[in-house]
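Worksheet: the structure to be examined is printed underneath.
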Amino acid sequence: MPPRLLVAIAACSTLWCHAQDSLLFAPQVPVHRNGVPLAMPWAGGLNAPQFSAIDLDQDGLQDLFVLDRMGNVALFLMNTGSIGQPQYRPTRAYDQVQPFPQLHDWALMRDYDCDGKADIFAYTSGAFAVYRNTSDASGPAFTLADGQVGSNYVPTVSPNLYISNVDLPGMADLDGDGDLDILTFSIWGNYLEYHKNLSMELYAHCDSLAYEVRSRCWGEFRESMDNQAVTLNVPCTDNVPNPELPPMHGGTPPDAGDRAHSGSTILPLDLDGDGDMDLLLGDIESPALVALTNGGSTAHAVMTGADTLFPSYGVPIDLQQFLAGFFVDIDLDGRRDLVVAPNSTTAAENAKGTWYYRNTGTDAAPHFTYMRDDLFQGDMLDFGQGAHPVLFDHNGDGFMDLVVANDHYFSADGNHRGRLALLENTGVAGAPAFTVASEDYAALSSLSLGTGLHPAFGDVDGDGRADLVLGGQDGTLHLLRNTSTGALAQFQTAPEPVVDDQGAVIDVGANATPLLFDLDSDGLRDLIIGERNGNLNHYRNTGTPQAAVWHLETADLGQVSVNEYWSNTGYSVPFLMHDPEGNLLFFSGSESGGIHRYEVVSGGPGTAWTRTDSTWADLHEGWRTAIAFHDFTGDGKPDAVVGNARGGLSFWASEQTDYTGTAALESPIPFSIFPNPTDGRLNIQWHAAPVAELKAILTDGLGRAIRTGSITGPAWSMDLSGLPAGLYLLTLSDGRASWSQRVLVAPH
């Protein structure tokens with residue numbers, strides 16, 4: 001099991017340091033959707049993922065490395081199952097391992113030196129770098145082998161083997177000699193270049209990166225610049241001198257009108273089991289992958305067939321847009337499967353965008369059978385594009401819930417709409433558990449309010465009920481009054497525009513992210529509004545508890561700016577809280593992803609707050625972050641929930657939470673219990689792959705074993721009659737790993 005990831009908080013100053021020394025990634029906090037527990041709810045979402053296999057913890061099981069273009073985030077899914085029965089869980093233990101934090105645009109794992117360990121091929125400024133895998137029993141490690149791999153372009157030598165940041169190159173042993181060759185679309189047009197690795201020829205081993213162009217039109221086809229169409233048997237006279245793969249056909253040079261290539265993904269694999277490499281091509285305008293059949297040989301590639309509805313023998317791929325294919329063994333049956341995902345961060349499917357085709361053939365001659373359209377996404381909290389967590393006890397039960405705002409869910413007709421989701425806290429005191437109670441909270445999608453919705457909750461009309469102020473991408477605000485007559489919030493369906501004390505509609509320009517907070521301690525909630533420009537707007541409430549009146553104090557509150565020096569945009573998302581001494585702290589996510597922390601300084605509208613950090617806790621969550629703090633775990637210290645542009649969330653618990661130190665720390669909980677609270681019998685349901693036997697131990701607050709038993713089937717029950725009321729811990733163990741959940745025994 002990898003080490004726990006403990007994130008130290010730097011530049012904390014004296015405020016809050018003694019109360020919040022660190023945060024701990026807590027993916028085991030349970031979340032249920034439609035009655036089913038999510039396996040990895042807090043993994044952070046997926047939008048444009050690239051999948052590679054690698055054994056991160058050296059346990060002999062292949063794990064998954066994912067780089068998501070949306071935010072350039074490296075994600076790690078550890079396999080805690082067994083051969084043929086994988087069980088993946090997210091881990092943050094490798095977030096700081098180099099070069100993972102620096103990877104961007106594309107990164108693929110390939111074993112170039114034939115040592116059995118996957119190395120990193122990663123984009124770098126029109127070329128790619130290679131990091132050799134030097135991991136051992138002490139943990140993963142990578143050493144830079146070449147910071148900019150070059151190639152002999154014949155007759156000229158280029159300083160780099162050109163691959164754009166938009167494309168995904170093809171990497172495979174194309175000529176069957178044992179070393180890793182490269183396919184990439186030329187900078188000059190829409191023909192595929194073949195860069196042969198000369199490692200075997202020069203050194204008689206495969207561990208070098210010595211490339212030379214051996215064909216400028218490998219496969220003798222041309223891809224259209226306007227769509228996914230492919231022209232076969234294209235004349236190829238504009239080739240390298242004395243190419244290793246001579247053209248079969250004569251003709252004229254490529255048309256002078258050929259333009260620079262605009263974007264494609266390349267996956268070489270043997271689709272028909274004849275020993276040579278075929279291709280799966282993705283195009284920037286296409287919702288499909290085109291399969292090209294190699295009718296030639298390893299010595300002379302000639303594409304002779306094109307399947308534009310691949311796989312035409314099954315369920316064809318139809319996924320918006322600019323797709324990439326990944327040939328990786330997901331189910332660990334020894335046969336690599338096909339995963340298809342968008343290679344674009346815009347105008348692409350963002351909630352059901354990881355199509356999984358299981359290989360029901362052989363690894364040498366695959367047959368892909370469609371399984372699902374949300375591989376891993378369906379096991380996560382994934383709200384499409386963008387996720388901003390906001391605190392709100394929607395039912396007044398004293399347990400803080402989460403309302404999650406997104407930017408939008410993708411719609412093929414272009415009519416994207418933002419929504420709110422409600423994560424109801426259905427746990428017990430000190431042991432949070434969430435249920436996805438609504439994915440369209442307050443039915444906002446029916447109100448045509450556009451995208452980028454962001455809520456703020458607070459009583460603005462003096463009736464004792466929290467109202468909803470809703471910001472939008474257009475920079476304006478809407479008020480939806482809470483019309484409930486009970487504890488459960490109910491909001492009016494006719495939104496009112498929020499106006500200032502001059503009667504003008506409040507408009508901060510773009511991406512309004514409001515917060516209702518009594519900044520001047522006069523008993524009235526003020527409006528603090530973040531925006532795309534990265535600053536804060538302060539509208540002071542000069543009205544009464546029964547009728548809020550908003551007066552613009554400043555559009556530069558605290559002189560806050562969450563922009564990077566190179567950008568005019570920052571996307572501030574405000575969160576204010578008091579530390580244990582009563583000092584006011586301000587936090588905000590940002591466009592680049594860093595969490596900004598300020599100490600609020602009293603004074604007039606122009607008073608500058610003190611920024612103590614722009615990368616608080618060094619959290620690696622990707623672009624467009626937002627953060628919310630609350631003591632969910634009941635240890636007196638705030639936990640954090642962080643959202644990001646990929647539409648997902650991560651849960652970070654304070655160091656002293658009871659989750660610390662358990663073997664279940666970074667494991668998703670594979671079992672559910674009910675009823676909880678209970679006054680007699682506890683039912684246990686096992687959701688993961690069957691195991692021969694599970695040991696069950698119930699311990700009390702002193703760690704003493706109160707009940708024990710063995711579970712040999714998916715369902716079991718434990719008699720808790722006679723136990724004093726209180727909080728207990730149920731732990732299940734399969735001898736290799738353990739998982740725990742809290743059990744509340746109610747008074748009899």
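In this chain, residues are counted from 1 in sequence order.
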Taking only residues two or more places apart in sequence or in another chain, which ones pass ring-ring contact (aromatic ring centres under 6.0 Å, His included) with [X]?
X      : answer
Trp686 : Trp739
Phe410 : His416
Phe142 : Phe100
Trp355 : Tyr370

Does a donor on one side chain and an acceptor on the other come within less than 3.5 Å for [X] and [Y]?
X      : Y      : answer
Asp413 : Ser411 : yes
Thr435 : Glu424 : no
Thr625 : Asn644 : no
Trp652 : Ser650 : yes
Asn47  : Arg69  : no

For Asp307, enumerate each residue passing the side-chain hydrogen bond (donor to acceptor under 3.5 Å, both in side chains) test, keeping only those at least two apart in sequence or located in another chain. Ser312
Check whether Tyr571 forms a cation-pi arrangement with Arg624 (NZ or CZ under 6.0 Å from the six-membered ring centre, at most 45° off the ring normal). yes
I'd like to check the salt bridge (charged side-chain N to carboxylate O under 4.0 Å, His left out) partners of [X]; sequence neighbours left out, ordered by chain and number.
X      : value
Asp333 : Arg335, Arg358
Arg336 : Asp363
Asp55  : none
Asp270 : none

Residues in side chain to side chain contact (heavy atoms under 4.5 Å, CB included) contact with Ala347, at least two apart in sequence or another chain: Gln321
Within a strict 4.5 Å, meaning less than it, do heavy atoms of the Tyr357 and Thr369 side chains meet? no
Indicate every side-chain donor-acceptor pair of residues 102-109 with a distance under 3.5 Å to a residue at least two apart or in another chain.
residue: Gln102; atom: OE1; partner: Gln98; partner atom: NE2; Å: 3.4
residue: Trp106; atom: NE1; partner: Ser164; partner atom: O; Å: 3.3

Review item, side-chain donor-acceptor pairs of residues 380-388, under 3.5 Å, at least two apart:
residue: Asp382; atom: OD1; partner: Gly384; partner atom: N; Å: 3.1
residue: Asp382; atom: OD2; partner: Leu46; partner atom: N; Å: 3.0
residue: His388; atom: ND1; partner: His454; partner atom: ND1; Å: 3.1

Just checking Lys117: does its NZ atom have more than 12 heavy atoms from other residues, nucleotides or ligands closer to it than 6.0 angstrom? yes
Verify the ring-centre separation between Phe434 and Phe632: is it less than 6.0 angstrom? yes
